[in-house]
Structure formats: structure tokens, C-alpha cells
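Single-structure report; data block below.
FYI, side chains are in, hydrogens and waters are out, and symmetry mates aren't considered; it's all heavy atoms of this structure.
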Amino acid sequence: MVLRSSYRFCRLSMISNRASKIEASPTLAIDAKAKNMRKNGIHVINFSVGEPDFPTPENIKEAAIKAINEDFTYYTPASGIPELREALVKKLKSFNGLDYDPDQISISCGGKHSLFNIMQVILNPGDEVLLPVPYWVSYLEQIKLAGGKPILVPTDSQYKIHAELLKEKITDRSRLLILNSPSNPAGTICEEEELRKISEIILEKDLWIISDEVYESFIYDGKKHASIASLNQDVYNRTIISNSFSKTYSMTGWRVGYTAGPIEIIKAINSFQSHVTSNPNSIAQKAALEALLGSQNSVRKMIDSFDKRRKYILKRFKEISELDCNVPEGAFYVFPKIVGVKMKSMDFAKKILKELHVALVPGIAFGIDENLRLSYAISIEDIEEGLNRIYEFCNRNILH
Ligand code: GLU
């Protein structure tokens, strides 16, 4: 017979220090909760997870079916299939103006995995990682998993990163900056002029940059995406690009991402990956290849649709004076500040989910407790209904 107390003792020592410091992803947790409520017949409006509501385009699905039928179901090189890496070389040239060799690219099991790999191969215990706030939830935990120390860097009132604010946080132990433009959760873009100033600091202090460009296709109001790696050869040598097929091609569940950077780092990632996942899924790699080579019409349609939703949501936010929202220039999130309701973000998110069945992510998950994150990668009808409910919720809880 196992006694309760000895079971409790076992549980306490069961989990490593490393794992016990990690929180589960709040974006995924809230999404799972909302989906579960839906399963139970509750009409939840789910603004939580950042996942395009479009199906994966037909040509991509067909490429995967073909791969299965042709028995493309075995191990691939740890770094990914050569034809996908070659197609990415062309994409990085035509879309980003960057020159890479296929050996400078490693395919991963999604963007999150690419980031994880990078941090595992470049960070030593105690290395400081500069992380602008608000930050995407997984950066913080992945830094800790790699033994690094997150150093939070404040941004301006529009959540934009500035070189001077960054400089103030640099110490002798600084090793890496995480740059995410367009950003999750605030949808901000780091303009080329600011990128230049940041790159000067990076070079002067001999730091590395992870440039997470997963939202590069989702840019509005005529703005442009510039990869910091494209500024000059020296910055290129210090930048590791992380990207994914999940958002651009609505392929979240397929898990394909990629890393591009200096060959020594990519080699280390390939060795690391060979012991962790062997390779990314063979079928999903063929699907990703078709995503790059096939028609890009579905991507354009998706971007147009997100832009309409963004404009609609921003227009409706003007009616809700309790929430003050910056204009996101990219990605598919809004990050309004709670100004007229006396509630911190977690209480707001919990209460509105319980009372009005609206799922959104509390800003505290991104390092700012005064804000909320809403993904507008959901139908316009759901956005309309969700905003009606938010309006009602704010009216009920308004500060008098
Ligand atoms: N990146 C998306 C989000 O922020 C997907 C969920 C996740 O991986 O955290 O909602």
C-alpha cells in the first residue's frame, strides 16, 4: 500500500528544478479552456490564441497526401530536406533580400522549436538575454530553460523598442537580444531607422540577435518589413532568423519552422536536433515546400481579411472608452490597455470568460498587467459579438 505522505514526498522530488520553474503556455491553456467550453455547448468567443481561422490551402494539403502515397514517410536529414532548404534560400533572397546557403538553414518542428534550438545552442548559464516588454509568452520560459537570465527592456507608450532603452539594460553578461517585428502581442513594427541604431549597439557590445520574423507577411497601412540581418554584413553575421509556416500558410498544426544564420550555429542546431527530434516531420516538410513553391493567393486573401478585421476592431474600440488601444501595424493582435475598469488583467480575463464567455489573454502573460491581448484571427461575426460582450462587461464594471 502506498501512503499519502510518501506519495507527496515523491511528487516533491519528482520534477527537476529546471522544469519546476516553467509555467505552461497561457495562450494555449486559455485556448484549450475556450475550446472545451465550446464542446460543452457554450457559445464562447475565442480571442485567445493566435491561430489563423482559415483552412490550410488545398495545394498544400494535396502535397502532403501525395507525400504519404509516395511513401515519403521515413527519416529525413536532421536539418530538413535539401529541396526545402533550397526553396528557403530563394524565399530569403526574394522576400527578405538576404543571401544564405542551404547549409545556413535548418528546418525545425515549428517556430517555437526553432527558438528553443537557438537558445539551447548559444546560451550558457547566467547569460543575460534582453527581452523587450511586452514579450511573447514562450520567450521568457525558453530563456529560463536554457539557463539564461531574462532582462526585461521597457518599450515606449506605443510598445516600440528604442535603442536608448535597450542600452540602459546592457551589462557585461549580456549575450542576446530577442527582436520580434511585427510583434506579438502589440503588433508593432521596428522601423529601419531604429533597427540601425539597435544594430550599432549589438555590434559595439558583441551581442547576438534572434530576429523572430514569424509575422513578416502580416503588415498593414503600407508599412514594410525589414529584417535586421539585411542592414549590413556585420549585423547579418550576428543575427539568427527564426520563422515558421504556421501563420503565413495557416499551418499551425503541421509544425514546420526554420532557422537561418551563421553556419557554425546552424551546424550546432542540427547536431542538437538530431538527438532531440531526429528531424522535422517528413510529410509536413513536403507540404511546406509546396507552400513556398505554389500560388500565394491564399496568403494575400488572408492578409486582406485580417486587415479588414483589424480596421473593424479598432473602429469598435473607439466606442469602448474603458480600453485604450494602440494601432497595430502588423501581426493579428490588438493589445488594449484597461483604463476605465478597476481590474488587473488576470481578473478581467477570468471574469469575462466566466460571465460573458469571452476568452482573451491577460496582459500579465506578456509582462504588462494593465493590458489584454485579443487575436483577431477569428471571423468578423465573432469579433462583432465578442466586442458587444466586452462593451457590456466594461459597462457593468465601469469606474464611477
Ligand atoms: N503564437 C501564438 C499565440 O501567441 C500561438 C500560441 C502559442 O504558441 O503561444 O497565441
Just checking, is any N or O donor in the side chain of [X] or [Y] under 3.5 Å from an acceptor N or O on the other one?
X    : Y    : result
N281 : Q285 : no
Y100 : Y236 : no
N124 : R175 : no
N180 : E213 : no
D31  : N46  : yes
N270 : S106 : yes
N397 : K351 : yes
N326 : K337 : no
N117 : S108 : no

Under 4.5 Å between side-chain heavy atoms, hopping through other hydrophobics if needed: is there a path connecting [X] to [Y]?
X    : Y    : value
L123 : I22  : yes
L356 : L372 : yes
L323 : I352 : yes
V361 : V44  : no
I151 : L166 : yes

Handout entry: Test salt bridge (charged side-chain N to carboxylate O under 4.0 Å, His left out) applied to K91 and E216, step by step
Key = CA-CA 12 Å; K91 179 264 166 192; E216 66 180 356; 2.7 Å; yes
Counting N and O atoms only, with roles assigned by atom type, does the side chain of [X] sit under 3.5 Å from a partner on the main chain of [Y], one being a donor and the other an acceptor?
X    : Y    : value
D101 : Q104 : no
S242 : S114 : no
R310 : P328 : yes
T155 : I161 : no
T27  : V49  : no
R373 : V334 : no
E370 : I338 : no
S183 : P185 : no
Q142 : K112 : yes
E51  : T252 : no

Exercise for the section: Taking all non-hydrogen atoms of both residues into account, name the closest pair between S321 and V339 and its distance. Expected result: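 Taking S321 first and V339 second, the nearest heavy atoms are O-CG2, 3.3 Å.
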Handout entry: Closest contact, heavy atoms only, S345 versus I368
Key =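 For S345 versus I368, the nearest heavy atoms are OG-O, 4.4 Å.
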Under 4.0 Å between a Lys/Arg side-chain N and an Asp/Glu carboxylate O for [X] and [Y]?
X    : Y    : value
K90  : E86  : no
E141 : K21  : no
K267 : D103 : no
K286 : E83  : yes
D99  : K93  : yes
D307 : K311 : yes
E385 : R389 : yes
E164 : K167 : no
K66  : E70  : yes
E193 : R196 : no
K160 : E191 : yes
K318 : D324 : no

Exercise for the section: Drop me the distance from R316's CZ to C325's SG, to the nearest 0.5 angstrom. Expected result: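 R316 CZ to C325 SG: 13.5 Å, rounded to 0.5 Å.
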Problem - From OG (S295) to CD (E58), nearest 0.5 Å - result: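 Spacing of OG (S295) from CD (E58) equals 12.5 Å.
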Side-chain contact, heavy-atom cut-off 4.5 Å: [X] with [Y]?
X    : Y    : result
I228 : L179 : yes
M119 : L145 : no
T277 : N279 : no
E128 : T171 : yes

Practice task
Look at the aromatic rings of F306 and F332 and report parallel, tilted or perpendicular, splitting at 30° and 60°.
Solution key: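 F306 vs F332 ring planes: tilted.
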Practice task
Evaluate the ring planes of Y159 and F335, with Trp represented by its six-membered ring, and classify them as parallel (under 30°), tilted (30 to 60°) or perpendicular (over 60°).
Solution key: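 The rings of Y159 and F335 stand perpendicular, inter-plane angle above 60°.
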Exercise for the section: Would you check, one step at a time, whether the test salt bridge (charged side-chain N to carboxylate O under 4.0 Å, His left out) holds for E290 with K61? Expected result: CA-CA 9 Å; E290 172 59 25; K61 291 196 270 195; over 6 Å; no
Exercise for the section: Could you check V256, L88, L84 and say which one makes a side-chain contact (heavy atoms from CB on, under 4.5 Å) with L289? Expected result: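 Between L289 and the candidates, side-chain contact (heavy atoms from CB on, under 4.5 Å) is satisfied uniquely by L84.
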Problem - Test log, rule side chain to side chain contact (heavy atoms under 4.5 Å, CB included), inputs V327 and F317 - result: CA-CA 11 Å; V327 176; F317 265 138; over 6 Å; no
Handout entry: Verdict with supporting geometry, K197 and E200, salt bridge (charged side-chain N to carboxylate O under 4.0 Å, His left out)
Key = CA-CA 5 Å; K197 291 185 194 158; E200 280 163 23; over 6 Å; no
Problem - Residue pair D382, R38: steps toward the salt bridge (charged side-chain N to carboxylate O under 4.0 Å, His left out) verdict - result: CA-CA 13 Å; D382 270 9; R38 266 202 189 156; 3.4 Å; yes
Exercise for the section: Let me see the working for F348 and F393 under ring-ring contact (aromatic ring centres under 6.0 Å, His included), right down to the final yes or no. Expected result: CA-CA 9 Å; F348 192 112; F393 183 82; 4.8 Å; yes
Problem - Working for side chain to side chain contact (heavy atoms under 4.5 Å, CB included), residues W254 and Y249 - result: CA-CA 10 Å; W254 299 75; Y249 297 101; over 6 Å; no
Pair up each side-chain donor or acceptor in residues 130-138 with any protein partner under 3.5 Å, not counting sequence neighbours, and list the distances.
none

Exercise for the section: Could you go through the side chain to side chain contact (heavy atoms under 4.5 Å, CB included) check for I265 and V121 one step at a time? Expected result: CA-CA 7 Å; I265 290 187; V121 307; 4.2 Å; yes
Practice task
Kindly determine whether L176 and L207 satisfy side chain to side chain contact (heavy atoms under 4.5 Å, CB included), including the steps that lead there.
Solution key: CA-CA 5 Å; L176 169 71; L207 305 179; over 6 Å; no
